[in-house]
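Bear in mind the structure is a predicted one, so any value in this text is a computation, not a measurement. Only heavy atoms go into these numbers, but all of them, side chains included; no hydrogens, no water, no symmetry mates.
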Amino acid sequence: MPAEIIDVHSLSAEGFPIADIPTQIMNGLSRPFGHKQLPTMLLYDEQGLQLYDDITTAAPEYYLFAAEEEILKNNAHHIVQAMHRGAQISPDEVIVELGAGSLRKTSHILLGLSHFVGKEAPSSAITYYALDLDKHELERTLGDISRSEVGKKLVGKVKTKGMWGTYEDGLRFIEHGGLFARRLPSVDYQFSSRERSPISPISSASSTSNASLTSMSESGSSMPSTPEGSKPPLHVVFLGSSLGNFSRTDAVSFLLSLPLRAGSGDTLLIGLDHDNDAALIEEAYNDSQGYTRRFIFNGLRAAGRNLGDENLFDESKWEYVNTYNSDERCHEAFFRSKCPQIIREPRTGKVIRFSKGELLKIEESIKFSDVDAYSLFTASNLRPVQRWTDKKSQYSLWLLERPPFSFPLLVSPSHPSTKGTRLSYSPFGVPSREEWNELWSCWDFITRQMIPSSMLYQKPIDLRHICLFYLGHIPTFLDIHLSKLLQQPHTEPESFKRGIDPDVDDPTECHPHSEVPIKDEDWPSPINIVKFQASVRARLMRLYDDIDSGRITLTRKIGRVLFMTLEHEAMHAETLLYMLIQRAGSGTIPPPGFVAPPWESLAVTWQEIPAPASSTVTLGPATVSLGHMDFESDDETNSDVETHEFGWDNETPRRDVYVNQFRIEWRPVTNGEFHQFFFGEGKGKVEFPASWVEDDEGIKVRTLYGPISIDIARNWPIVTSYNNLSTYAMVKGGRLPTESELALFYDKYEAGYEGGANVGFRNWHPVPATTGGERAGGKGINGGVWEWTSTVFDAVDGFEPSKLYPGYSMDFFDGKHQVVLGGSYATIPRIAGRRSFRNWYQRNYPYTWAGARVVYDVSV
């Protein structure tokens with residue numbers, strides 16, 4: 001039987017296709033000299049798709065296809081596993097491939113899916129839709145696949161169908177429910193322009209556990225369940241580095257338009273070409289046998305056909321040229337006019353003139369460095385689940401999801417969130433409303449979805465309060481400081497002053513906190529905490545309203561209170577999580593709505609990360625600048641607030657420190673290295689790390705998903721106390737770095753949030769540290785942990801304690817705490833990305849997510 005092909009073309013109110021190709025052609029031709037272009041989709045008509053197949057099969061220079069096929073052939077099983085969180089196929093599951101082409105590469109995915117459909121799964125549990133521009137090519141390729149050996153293995157497991165239309169047509173069809181509504185015979189699948197709504201991501205939060213705090217909340221929950229959550233998973237496949245045909249701005253808009261539901265199990269598998277050597281890229285798009293030239297010139301004939309005359313463009317008067325701009329990481333393909341010529345449009349007679357040497361663009365292909373890729377995904381509200389590369393590291397396949405919450409790139413004064421407001425933000429200045437909402441989504445996710453009600457009155461670790469304390473402490477702290485700022489009475493109930501943080505309004509008593517209730521019934525009820533939290537948040541938003549309306553003038557003091565209370569909440573979120581990880585697997589609920597890590601598949605990928613040529617790098621001598629200038633005492637007299645960079649009292653003043661030459665390890669000490677040390681040279685010298693657990697199967701590493709084999713986490717940074725790591729370093733003949741030494745290393749070699757650093761909940765666990773390489777500009781990531789330094793946390797010359805929070809730093813100037821730098825996977829970007837931020841912990845504290853790298857002195 002012929003394959004079923006659904007016509008998804010969108011029609012205007014008059015019944016004409018919305019994608020008016022002739023109009024697009026003429027609009028591009030009518031541009032001024034140097035800016036003329038043709039729509040790229042002209043290349044992919046029936047003949048063009050066949051010519052493209054010739055490129056992929058007969059032009060060895062075109063490495064993109066071969067690299068992507070290699071990845072799919074070698075990793076289809078792992079890719080399918082990762083798409084499904086290791087679980088079974090869901091009934092009525094749908095996979096849509098955008099721009100499917102020949103299906104040669106896709107066959108590996110289809111075969112992997114057929115293997116993954118269990119014996120107990122319903123018949124034809126998966127439906128695969130190939131979306132493409134040409135109906136005849138869809139019929140041909142789907143027919144070929146059904147008659148192939150692969151097709152025989154799909155019978156009863158994977159149905160293959162076609163969708164005929166553009167990307168926009170297909171996405172609009174999906175978003176209007178077309179794929180799932182096809183079971184209803186009365187549905188009309190054509191949508192007029194009057195019925196069109198902007199294509200935007202379907203915002204759907206994950207369902208919440210009845211055992212979590214959400215179940216007792218009557219108001220204020222930011223994560224309600226929705227009917228969207230009942231739909232089967234949707235998996236979108238977008239291969240061939242086709243996203244590169246969009247501009248970088250349009251690529252973000254396109255990815256945001258994909259109908260992937262947050263926290264639903266929906267995924268995107270996308271191929272991206274790397275920013276490879278210019279000669280390699282230019283040769284790939286201009287092969288020696290002319291396959292690409294024939295493909296490109298078919299686009300010129302397609303332009304003529306769409307305008308009514310296939311021979312409108314005289315091919316003898318044009319030549320194909322291409323170039324790669326390494327700085328912009330963009331390949332461009334052009335027709336160049338060999339002589340002055342005139343093109344007359346057949347329908348209207350409109351004249352288009354070309355000068356000799358004038359370029360007519362037909363295609364551009366954006367390439368992606370690691371920074372480009374991570375920035376793209378973050379701006380598109382997508383989270384990488386896993387990445388696969390070919391053996392030459394020329395190309396990557398990424399599996400992505402729309403997470404329940406995420407943090408954007410660090411904002412600049414031109415960020416969209418600053419528009420239409422009286423505030424202008426620097427990345428580390430006054431927090432925006434959006435930053436608060438992002439943080440509240442994170443906080444509510446942790447407290448309402450990961451803590452079962454049975455754990456609210458428990459202490460996951462002895463050195464901290466019960467979980468419920470933190471739920472009330474955060475809004476109480478904010479309420480107290482808003483009351484002081486606005487000279488208004490506190491709004492918290494009296495029970496909160498007894499049961500949450502009795503002396504929170506007296507910062508001199510903040511460390512340690514005063515006595516808290518012993519009996520569960522003496523604490524405020526969880527429902528009252530949630531209600532109080534909602535009222536304090538509303539109070540804060542009213543302050544923003546008053547600032548925007550001009551009723552209240554934004555001052556440095558107001559900005560400092562907003563900065564301080566936001567970062568205070570963010571730091572406590574991380575504290576709560578390193579407490580909860582101690583009960584993971586026996587109480588704590590794994591992060592719902594995030595694709596669970598496919599551990600075995602990830603382990604295979606991690607093992608393939610190339611080792612650096614040398615284990616250390618030599619730095620110095622050098623002078624390192626630490627800290628910044630942000631004296632709180634200047635707040636009363638300095639009106640500069642909109643572009644000011646705030647920080648905690650210990651970050652000021654700026655100071656220069658001379659550093660002697662030293663060698664430092666490329667990566668922090670790993671679980672595998674410390675495991676070998678613990679049972680060898682370090683036996684009896686170090687304590688068992690709190691990040692490990694031992695059972696009948698041996699040593700395991702704690703994660704928020706429960707303990708996993710140390711073999712999987714072998715190359716993660718070890719998380720343990722300063723004392724343990726300092727002993728390790730000394731036995732190895734080295735020491736831990738000073739604050740200035742580690743800062744110097746970070747400045748030169750550490751990638752930030754934009755470069756893929758494992759912070760801001762990019763993962764819910766550490767990952768192996770990488771050293772980067774030429775493609776990453778020599779940058780790398782430390783795996784997602786804070787790092788210990790040998791610098792004792794103490795006052796520096798010029799230190800001034802905070803007036804708003806005097807005990808924040810001073811209470812810990814006791815000679816027992818070490819400076820800790822960087823950030824963990826649960827550190828928000830504005831903290832992890834602020835170079836001057838200093839954290840600290842006691843040397844014997846075992847729970848914080850901190851590791852360390854070893855430094856060796858160099859004799860001069």
Side-chain angles (χ1 to χ4, degrees), residues 38-73 97-109 130-134 136-138 140-142 144-145 148 167 237-246 270-303 305 313 315 318-324 330-336 360-368 390 392 394-397:
L38 293 173
T40 300
M41 70 172 65
L42 293 172
L43 298 172
Y44 297 98
D45 63 358
E46 181 178 5
Q47 188 173 354
L49 288 169
Q50 293 172 6
L51 289 168
Y52 178 74
D53 284 348
D54 292 340
I55 296 174
T56 63
T57 56
E61 297 94 335
Y62 191 70
Y63 66 87
L64 290 81
F65 187 94
E68 192 171 59
E69 187 173 41
E70 174 197 316
I71 296 170
L72 290 167
K73 184 177 181 180
E97 182 172 3
L98 307 180
S102 70
L103 303 185
R104 192 173 107 197
K105 291 178 295 185
T106 309
S107 64
H108 299 292
I109 292 291
L131 170 69
D132 224 323
L133 289 170
D134 191 87
H136 293 127
E137 273 299 288
L138 278 171
R140 182 183 70 83
T141 56
L142 288 170
D144 288 347
I145 201 82
S148 69
Y167 297 150
V237 178
F238 197 28
L239 304 178
S241 198
S242 298
L243 189 72
N245 294 141
F246 295 82
I270 189 169
L272 296 181
D273 193 17
H274 296 175
D275 55 331
N276 297 304
D277 179 73
L280 178 73
I281 292 174
E282 289 180 355
E283 190 177 34
Y285 290 90
N286 199 354
D287 62 275
S288 58
Q289 299 182 66
Y291 288 103
T292 302
R293 184 186 180 282
R294 289 190 284 275
F295 170 68
I296 293 291
F297 268 93
N298 178 69
L300 200 61
R301 291 190 294 275
R305 285 195 294 271
F313 296 87
E315 293 186 26
W318 298 91
E319 62 182 340
Y320 169 55
V321 294
N322 70 313
T323 183
Y324 179 66
C330 178
H331 176 269
E332 295 178 299
F334 302 91
F335 300 104
R336 182 163 59 196
L360 174 60
K361 183 188 287 189
I362 182 66
E363 184 184 38
E364 71 176 13
S365 182
I366 302 294
K367 308 303 177 183
F368 296 87
D390 65 298
K392 293 182 180 179
Q394 295 175 335
Y395 193 93
S396 288
L397 270 183

- [ ] Decide side-chain contact (heavy atoms from CB on, under 4.5 Å) for D53 and F65; before the verdict, give the C-alpha distance in whole Å, the side-chain angles of both, and the deciding distance to 0.1 Å.
- [x] CA-CA 10 Å; D53 284 348; F65 187 94; over 6 Å; no
Identify the heavy atoms of [X] and [Y] that sit nearest to each other, and give their distance.
| X | Y | answer |
| --- | --- | --- |
| I362 | L43 | CG1-CD2, 3.8 Å |
| G99 | D132 | C-OD2, 3.8 Å |
| G271 | E68 | CA-OE2, 3.6 Å |
| L42 | A303 | CD1-CB, 3.7 Å |
| T106 | A100 | OG1-O, 4.5 Å |
| H274 | I281 | O-CD1, 4.3 Å |

Open item on the list: Using a strict threshold of under 4.0 Å (side-chain N to carboxylate O), is an ion pair present between R294 and D54?
Closed with: no
Nearest-0.5 Å distance, [atom1] of residue [X] to [atom2] of residue [Y]:
| X | Y | atom1 | atom2 | value |
| --- | --- | --- | --- | --- |
| L103 | L138 | CG | CG | 8.0 Å |
| D273 | S365 | CG | OG | 6.5 Å |
| K73 | H108 | NZ | NE2 | 6.5 Å |
| L72 | S107 | CG | OG | 8.5 Å |
| I55 | F295 | CD1 | CZ | 5.5 Å |
| L272 | S241 | CG | OG | 5.5 Å |

- [ ] Tell me whether the centres of the aromatic rings in F313 and F335 are closer together than 6.0 Å.
- [x] no
Task: Y395 and F368 aromatic centres sub-6.0 Å - done: no
TODO: Give a yes or no answer on whether the side chain of D134 reaches the backbone of E46 with a donor-acceptor pair at less than 3.5 Å.
DONE: yes
Task: Donor-acceptor contact below 3.5 Å, side chain E61 vs main chain S288 - done: yes
Can you check whether [X] reaches [Y] side chain to side chain, under 4.5 Å on heavy atoms?
| X | Y | result |
| --- | --- | --- |
| L239 | L397 | yes |
| L300 | Y320 | no |
| D45 | H136 | no |
| Y63 | K392 | no |
| Y324 | L280 | no |

- [ ] Could you walk me through whether T292 and D287 pass the side-chain hydrogen bond (donor to acceptor under 3.5 Å, both in side chains) test, one step at a time?
- [x] CA-CA 6 Å; T292 302; D287 62 275; 2.7 Å; yes
Open item on the list: Under the rule for salt bridge (Lys or Arg N to Asp or Glu O under 4.0 Å), what residues qualify as partners of E70, not counting sequence neighbours?
Closed with: none
Open item on the list: Under the rule for side-chain hydrogen bond (donor to acceptor under 3.5 Å, both in side chains), what residues qualify as partners of R104, not counting sequence neighbours?
Closed with: E69
- [ ] Would you please name every residue forming a side-chain hydrogen bond (donor to acceptor under 3.5 Å, both in side chains) with D144, sequence neighbours left out?
- [x] R140, R147
TODO: Any chance you could lay out the side-chain contact (heavy atoms from CB on, under 4.5 Å) test for Y291 and Y52, step after step, and finish with the verdict?
DONE: CA-CA 8 Å; Y291 288 103; Y52 178 74; over 6 Å; no
TODO: Check E363, H331, R293 against N322 for a side-chain hydrogen bond (donor to acceptor under 3.5 Å, both in side chains) and give me the one that passes.
DONE: H331
Open item on the list: With side-chain hydrogen bond (donor to acceptor under 3.5 Å, both in side chains) as the criterion, how do E137 and Q50 come out once you've worked through the C-alpha distance, each side chain's angles and the decisive distance to 0.1 Å?
Closed with: CA-CA 8 Å; E137 273 299 288; Q50 293 172 6; 3.1 Å; yes
- [ ] Using the ring of F297 (Phe, Tyr or Trp, six-membered ring only), decide whether R301 places NZ or CZ under 6.0 Å from its centre and within 45 degrees of its axis.
- [x] no
